[in-house]
**Q** 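Please read through the structure below; I'll follow up with questions.
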Amino acid sequence: MTLDLFEPISITQKERVNSAMVELPPHEPGVYTMYGKKDEVLYVGKAKDLFKRITSYRYSKSKKVQSMIAQIDRIGFEICKTEMDAILLENLLIRSLRPPFNHANKKPETYYYISTKRRGNKREFRLSMRVLDEYTKVYGCFKGHARVRKGLGALLRLLYLQHRMIDSAHYLPSQLLGRLAPMRFNCEIDKASKKLVHDFFLGKSKVLIEDFEELISKRTFKDKFTKKYFSNELEQLNIFYALGPERNRLMKEQLELDSHLIRQEELDDFQVYTN
């Protein structure tokens, strides 16, 4: 079946949606799936009221929706107990099926754990996509490739500034001059800072950030560029803290989770529960 170009789009669209419904959806929450002629999944959506949502496609004026309706062969649905259950199921299906007409939640995200342990008189920081048992401290997981690596990079650069009397960003180690943090880096750190870093990654305290703010305000730099550079790093660290450690802590408190770690496959669903 193709859309008849000589009929009003609303008529042919209504007929196509009606013929694609194998059975009439109920007025209940759930997830619906649009299938193509080869039984491929074109789109997955959630609804508080399946009947109202699915039948609304009869009259949509969206070009994207009209393009999708022109390709559908059937519409299936699954009833859920609550709207929250529908949201969780929709997230799962979109991430696993990656339908072409879905954009939100389809792109695979990067999830990192940040691990630390003592290396001689320094502390090693390590990024990984799984929990590394050989490290004494593991935090996360934290979502977002750029956000996490920029955040950790900012932390490492500011820790280096704190423990070295440099007056220019050009004196940073070559590993820290890139836009993103290295996957592994050994950094000088004293006992007091170690405790503040621990509380930072757990989302319990911003004292470390406040110390960095004071450091930047008091340090005399060689040029305006360096001061602006470290101020930007401080901003990146604040963003990472708010959307990473602090957000994880609030989720764990709200959901009364026992473990301080959140698994990758759980993070998105927990965020849905607490939004």
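Values reported hereafter were calculated over all heavy atoms of this structure, with side chains retained and with hydrogens, waters and symmetry mates removed.
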**Q** Does atom NZ of K228 have more than 12 heavy-atom neighbours, drawn from other residues, nucleotides or ligands, at distances under 6.0 Å?
**A** no
**Q** Out of curiosity, E188 CD to Q162 CD, how far, rounded to the nearest 0.5 Å?
**A** 11.0 Å
**Q** Has Y112 got a side-chain atom pairing as donor or acceptor with G140's backbone, closer than 3.5 angstrom?
**A** no
**Q** Indicate yes or no for a side-chain donor-acceptor contact from R58 to the backbone of S60 under 3.5 Å, with no hydrogens or angles considered.
**A** no
**Q** Check whether S19 reaches the backbone of E15 with its side chain - one donor and one acceptor, N or O, closer than 3.5 Å.
**A** yes
**Q** Backbone N or O of C141 within a donor-acceptor pair of the N248 side chain at under 3.5 Å?
**A** yes
**Q** Are F225 and I216 co-members of a hydrophobic cluster defined by side-chain heavy atoms under 4.5 Å apart?
**A** yes
**Q** Carefully, step by step, assess H145 and L180 under the rule side chain to side chain contact (heavy atoms under 4.5 Å, CB included).
**A** CA-CA 9 Å; H145 171 71; L180 303 176; 3.6 Å; yes
**Q** Drop me the distance from T136's OG1 to K117's NZ, to the nearest 0.5 angstrom.
**A**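 Separation between the atoms: 8.0 Å.
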**Q** Tell me whether N102 contacts the main-chain N or O of R98 through its side chain, where contact means a donor paired with an acceptor under 3.5 Å.
**A** no
**Q** What's the shortest heavy-atom distance between M68 and L42, and which atoms?
**A**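 Scanning both residues, the minimum pair turns out to be O-CD1, 4.4 Å.
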**Q** Can you name the residues that form a side chain to side chain contact (heavy atoms under 4.5 Å, CB included) with Q236, not counting sequence neighbours?
**A**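 Only K150, A154 meet the side chain to side chain contact (heavy atoms under 4.5 Å, CB included) criterion with Q236.
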**Q** Spell out, yes or no, whether L158 and V207 are grouped together once hydrophobic residues are joined by side-chain heavy atoms under 4.5 Å, including indirect joins.
**A**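 Yes.
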**Q** Answer yes or no: is there a donor N or O on one side and an acceptor on the other, between the side chain of Y241 and the main chain of G203, under 3.5 Å?
**A**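 Yes: the side chain of Y241 pairs with the backbone of G203.
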**Q** Which donor-acceptor pairs under 3.5 Å do the side chains of residues 44-57 make with protein atoms, sequence neighbours left out?
**A**
residue, atom, partner, partner atom, Å
D49, OD1, H27, ND1, 3.2
D49, OD1, F51, N, 3.1
D49, OD1, K52, N, 3.0
D49, OD2, H27, ND1, 3.0
R53, NE, Y32, OH, 3.4
R53, NH1, S56, OG, 3.0
R53, NH2, Y57, OH, 3.2
T55, OG1, F51, O, 2.6
T55, OG1, K52, O, 3.4
S56, OG, R53, O, 2.5
Y57, OH, Y32, OH, 2.6

**Q** ring-ring contact (aromatic ring centres under 6.0 Å, His included) with F185: which residues, sequence neighbours excluded?
**A**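 Result, ring-ring contact (aromatic ring centres under 6.0 Å, His included) vs F185: none returned.
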**Q** With sequence neighbours left out, what residues match E214 under salt bridge (Lys or Arg N to Asp or Glu O under 4.0 Å)?
**A**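 Scan of E214 (salt bridge (Lys or Arg N to Asp or Glu O under 4.0 Å), adjacent residues dropped) gives K218.
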**Q** Check whether any side-chain N or O of S193 sits under 3.5 Å from a backbone N or O of D190 as a donor-acceptor pair, and report yes or no.
**A**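 No; judged by distance alone, with no hydrogens or angles, the pair does not exist.
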**Q** With sequence neighbours left out, write down each residue that passes ring-ring contact (aromatic ring centres under 6.0 Å, His included) with H198, or none if nothing qualifies.
**A**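 Residues passing ring-ring contact (aromatic ring centres under 6.0 Å, His included) with H198: Y139.
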**Q** Taking R149 for the side chain and A181 for the main chain, is one N or O donor matched with an acceptor at less than 3.5 Å?
**A**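 At least one qualifying donor-acceptor pair exists.
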**Q** Please determine whether residues V41 and L89 belong to a single hydrophobic cluster, defined as Ile, Leu, Val, Met, Phe, Trp and Tyr linked transitively by side-chain heavy-atom distances below 4.5 Å.
**A**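 Looking at the clustering, L89 is in the same group as V41.
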**Q** Which residues end up grouped with Y113 if you chain together Ile, Leu, Val, Met, Phe, Trp and Tyr wherever their side-chain heavy atoms are less than 4.5 Å apart?
**A** V131, L132, Y135, V138, L261
**Q** Under a 4.0 Å threshold between the charged nitrogen and the carboxylate oxygen, would E253 count as salt-bridged to R249?
**A**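 Salt bridge present between R249 and E253.
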**Q** So which pairs with a foot in residues 68-82 pass side chain to side chain donor-acceptor pair (under 3.5 Å), sequence neighbours left out?
**A**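 Residue pairs passing side chain to side chain donor-acceptor pair (under 3.5 Å), neighbours aside: D39-R74, T82-D85.
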**Q** If I compare all heavy atoms of H260 with all of K252, which pair ends up nearest, and what's the gap?
**A** O-NZ, 2.6 Å
**Q** Apply salt bridge (Lys or Arg N to Asp or Glu O under 4.0 Å) to E40 and list each qualifying residue two or more places apart in sequence or on a separate chain.
**A** none
**Q** Run the ring-ring contact (aromatic ring centres under 6.0 Å, His included) test against Y43 and tell me which residues pass, sequence neighbours left out.
**A**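 Here no residue qualifies.
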**Q** Quick one: pull up NZ in K14 and CD1 in I69 and give me the separation to the nearest 0.5 Å.
**A** 14.0 Å
**Q** Show the numbers, then the answer: is there a side chain to side chain contact (heavy atoms under 4.5 Å, CB included) between Y171 and R164?
**A** CA-CA 10 Å; Y171 296 127; R164 294 291 184 95; over 6 Å; no
**Q** Parallel, tilted or perpendicular: which one describes the rings of F142 and F240, with boundaries at 30° and 60°?
**A** perpendicular
**Q** If hydrophobic residues (ILVMFWY) are linked whenever their side-chain heavy atoms come closer than 4.5 Å, directly or via other members, who joins M165 in its cluster?
**A** none
**Q** Enter the distance from L172:CG to F230:CZ here, rounded to the nearest 0.5 Å.
**A**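 It is 4.5 Å, given to the nearest 0.5 Å.
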**Q** Is L127 reachable from L177 through a run of I, L, V, M, F, W or Y residues, each pair having side-chain heavy atoms under 4.5 Å apart?
**A**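 Linked within one cluster.
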**Q** Compare every heavy atom of L176 with every heavy atom of P182, then report the nearest pair and how far apart it is.
**A** CD-CD2, 4.0 Å
**Q** If you apply the rule side chain to side chain contact (heavy atoms under 4.5 Å, CB included), what do you find for K143 with V148, and how did you get there?
**A** CA-CA 7 Å; K143 181 179 179 179; V148 177; over 6 Å; no
**Q** Suppose we screen for ring-ring contact (aromatic ring centres under 6.0 Å, His included). Which residues come up paired with F212, at least two apart in sequence or across chains?
**A**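 Checked F212 against ring-ring contact (aromatic ring centres under 6.0 Å, His included); zero matches.
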**Q** Could you walk me through whether F77 and V31 pass side chain to side chain contact (heavy atoms under 4.5 Å, CB included), step by step?
**A** CA-CA 6 Å; F77 61 83; V31 172; over 6 Å; no
**Q** Check salt bridge (Lys or Arg N to Asp or Glu O under 4.0 Å) between R184 and all other residues, then give those that pass, not counting sequence neighbours.
**A** E124
**Q** What about Y35 and L92, same hydrophobic cluster or not, with Ile/Leu/Val/Met/Phe/Trp/Tyr joined at side-chain heavy-atom distances under 4.5 Å?
**A**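 Shared cluster, no.
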**Q** Is it true that atom NZ of K227 has more than 12 heavy atoms of other residues, nucleotides or ligands lying nearer than 6.0 Å?
**A** yes
**Q** So, taking the atom named OH in Y229 and the one named CG in L161, what distance separates them when rounded to the nearest 0.5 Å?
**A** 10.5 Å
**Q** Nearest 0.5 Å please: distance from the SG atom of C187 over to the CG atom of L159.
**A**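 It comes to 4.5 Å.
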